[in-house]
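Single-structure report; data block below.
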Amino acid sequence: MPGKPTENPAEKHRRLILAAVRAVPRGQVAGYGEIARRAGLPGRARLVARILSEGDEPGLPWHRVLRSDGRVAFPPGSEGFDEQVQRLRAEGVRVEGGRVRGQSAAATLDEMLWAPPPR
DNA sequence: CTCTTGACGCCAT
DNA sequence: GATGGCGCCAAGA
């Protein structure tokens with residue numbers, strides 16, 4: 001039966017991913033792959049990147065999403081890079097050379113990810 | 001339909 | 001730490 005307008009998988013995924021990104025607390029960072037995993041879409045890091053690249057969703061803390069190695073995903077020197085670094089620093093995140101510092105940024109971005117930052 | 005591109009990730013060298 | 005190759009998936013040409 002009818003009923004439900006069968007939501008496209010793509011749209012559902014988008015919604016889940018956006019929710020996962022919003023769930024990242026201020027002052028913290030997460031990896032694309034980690035976001036995908038939290039959204040229930042393991043291995044879809046690229047999908048996360050693609051959705052963020054669309055740039056919609058106002059208020060979305062996209063700047064808290066980094067590569068798995070703790071590096072900013074934009075090419076150094078680009079606008080996106082600069083803006084992301086500024087935003088992160090504005091939240092108290094230590095960024096050096098386009099890389100987030102904090103012991104490991106995310107050795108595996110799995111367990112220590114949601115650890116509260118010392119202050 | 002095929003081919004390329006991309007805000008990625010992991011592993012080997 | 002830097003580079004290169006392969007995997008993955010969606011969108012555009």
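The sequence lines fix the lettering, A, B, ..., with proteins before strands; numbering per chain opens at 1. In this text, all values refer to a predicted model and were calculated from it rather than measured experimentally. Computed from heavy atoms alone, side chains included, the values below leave out hydrogens, waters and symmetry copies.
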Taking for each residue the nucleotide of DNA chain C bearing the nearest heavy atom, is the 5' side occupied by A:R71 or by A:G43?
-> A:R71
With side chains defined as the heavy atoms from C-beta onward, is the minimum distance between A:R14 and A:D56 less than 4.5 Å?
-> yes
Answer yes or no: is there a donor N or O on one side and an acceptor on the other, between the side chain of A:E91 and the main chain of A:R26, under 3.5 Å?
-> no
Please find the earliest and latest nucleotides of DNA chain B, in the 5' to 3' direction, that have an atom within less than 4.0 Å of any heavy atom of chain A.
-> B:dG6 to B:dC10
Close side-chain approach of A:P61 and A:R22, heavy atoms under 4.5 Å = yes
So, A:R46 side chain and A:G33 main chain: donor-acceptor pair closer than 3.5 Å or not?
-> no
A:E79 atom CD: more than 12 heavy-atom contacts under 6.0 Å = no
With side chains defined as the heavy atoms from C-beta onward, is the minimum distance between A:H63 and A:V72 less than 4.5 Å?
-> no
Give a yes or no on whether A:F74 and A:L52 share a hydrophobic cluster (residues Ile, Leu, Val, Met, Phe, Trp, Tyr; joining criterion: side-chain heavy atoms under 4.5 Å apart).
-> yes
Tell me which residues in residues 49-63 of chain A put a heavy atom below 4.0 Å from DNA chain B, sorted by number, or none.
-> A:A49, A:L52, A:S53, A:W62
Report yes if some heavy atom in the side chain of A:V24 is under 4.5 Å from a heavy atom in the side chain of A:V65; otherwise report no.
-> no
A:R44 atom CZ is separated from C:dC8 atom C1', nearest whole Å, by 7 Å
Which heavy atom in A:A36 sits nearest to a heavy atom in A:V48, and how many Å separate them?
-> CB-CG2, 3.7 Å
Any ion pair linking A:R38 and A:E34 (charged N to carboxylate O, less than 4.0 Å)?
-> no
May I have the distance from A:I17 (atom CD1) to C:dA10 (atom P), rounded to whole angstrom?
-> 10 Å
Please work out which residues in residues 73-94 of chain A have a non-hydrogen atom less than 4.0 Å from an atom of DNA chain B and list them by number.
-> A:A73, A:F74
